[in-house]
Amino acid sequence: MQILAISIGQHIVQEIKQTTSLEWIGALTGISCVYLAAKQSILNWPVALISIVAYTIVFYKSQLYGDAGLQVYFLGTSIYGWYFWIKKKERHEKPVTSLNLKEYTWVIIAIVVLSALLGLFLKHFTPTNVPYIDGFCTAVSFIAQILMTRKVLQNWALWIFVDICYVPLYIYKNLYVTAILYTILLVLAWVGHVDWQKEYKKEKAIY
């Protein structure tokens, strides 16, 4: 058992040593942008753009086509989010909102439908060996990103959930640095949830 643990540890260390510079750049900027988002810093958006470009290439090379396509979507939503946050600040609007029951229902339906469609597409039109897992994680991330750009509190709950799903997926794909990144992002997402929840309650009490 001890020998097996040492062997696994050595394998992980070796894989980390072989990590490309692009994956390192994507990981470090990814951590930075999520931390900045948790603190409601508008700088999270330009930093996110760097991580997005790096991971578009990394995921494509790893045949995680859903995630690669997701980065292109992130590119557009990051630009939009940057603009939307600036406008909210200029208008002095309540910074954080929350979903109502109807909106919760639509979020769940959207994730289920999008997961199925993406899974089928990836299965039939790409060589990936994890079509439905990739599709599901992509769908959850897709919706979470929309909620983040609109400063909706529940975006963090979705990020926490999908980060838990992503860690074993990236280990399976030998993207160990990225798996470590998503473990860190999981913690940061929880911090973001706590901070935004405090802000939401404070603003709700005022208004």
Side-chain angles (χ1 to χ4, degrees), residues 8 11-12 14-16 18-27 29-31 33-34 48-81 99 102-150 152 154-186 189:
I8 293 173
H11 174 68
I12 293 173
Q14 186 62 32
E15 289 293 335
I16 290 175
Q18 294 176 1
T19 299
T20 65
S21 56
L22 270 178
E23 189 177 348
W24 278 112
I25 291 170
T29 53
I31 291 170
C33 77
V34 173
L49 295 178
I50 300 172
S51 181
I52 287 165
V53 172
Y55 268 120
T56 299
I57 300 170
V58 170
F59 289 145
Y60 184 83
K61 288 183 176 179
S62 297
Q63 295 188 342
L64 288 170
Y65 299 109
D67 283 337
L70 185 64
Q71 301 308 305
V72 178
Y73 160 73
F74 280 167
L75 181 64
T77 54
S78 292
I79 295 171
Y80 168 75
L99 297 175
K102 182 179 179 181
E103 290 167 337
Y104 267 114
T105 302
W106 280 113
V107 164
I108 294 171
I109 292 173
I111 289 174
V112 171
V113 172
L114 191 57
S115 295
L117 292 175
L118 286 173
L120 288 170
F121 176 84
L122 293 171
K123 180 180 181 180
H124 293 289
F125 297 102
T126 74
T128 182
N129 61 344
V130 286
Y132 292 105
I133 296 174
D134 192 10
F136 175 71
C137 290
T138 300
V140 176
S141 300
F142 186 96
I143 302 300
Q145 183 73 355
I146 291 176
L147 298 183
M148 176 176 278
T149 62
R150 304 296 296 184
V152 178
Q154 285 77 15
N155 87 87
W156 292 113
L158 289 181
W159 285 125
I160 290 169
F161 173 72
V162 80
D163 287 345
I164 292 172
C165 297
Y166 268 130
V167 171
L169 175 61
Y170 291 141
I171 290 174
Y172 175 72
K173 285 291 186 175
N174 293 323
L175 296 173
Y176 291 102
V177 168
T178 302
I180 293 171
L181 161 68
Y182 272 74
T183 303
I184 297 171
L185 294 184
L186 172 61

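Closest approach of L158 to A144, counting heavy atoms only: CB-CB, 3.7 Å. Smallest separation of non-hydrogen atoms from N129 and Y172: ND2-OH, 2.9 Å. The nearest pair of heavy atoms linking A27 to V177 is CB-CG1, 3.9 Å. Nearest heavy-atom pair across A179 and I171 is CB-CG1, 3.7 Å.
Remark: aromatic rings of Y65 and Y60 are close, center separation under 6.0 Å. In this structure, F136 has its ring center under 6.0 Å from that of F161.
Within 6.0 Å of CD1 in I143 there are more than 12 heavy atoms belonging to other residues, nucleotides or ligands.
Interatomic distance, OG of S115 versus CG of L120, reported as 10.5 Å (0.5 Å rounding). The OH atom of Y166 lies 13.0 Å from the NZ atom of K173; values are rounded to the nearest 0.5 Å.
For the 3.5 Å distance criterion, the side chains of Y104 and Q154 qualify, holding a donor opposite an acceptor.
Panel note: side chain S78, backbone L75; no donor-acceptor pair is recorded below 3.5 Å. A donor-acceptor pair is defined here as one N or O able to donate and one able to accept, closer than 3.5 Å; such a pair exists between the side chain of E23 and the backbone of T178.
L64 has its side chain within reach of Y170: a pair of non-hydrogen atoms, C-beta onward, lies under 4.5 Å apart.
Residues meeting the ring pair (Phe, Tyr, Trp, His ring centres under 6.0 Å) test with Y73, sequence neighbours left out: F142.
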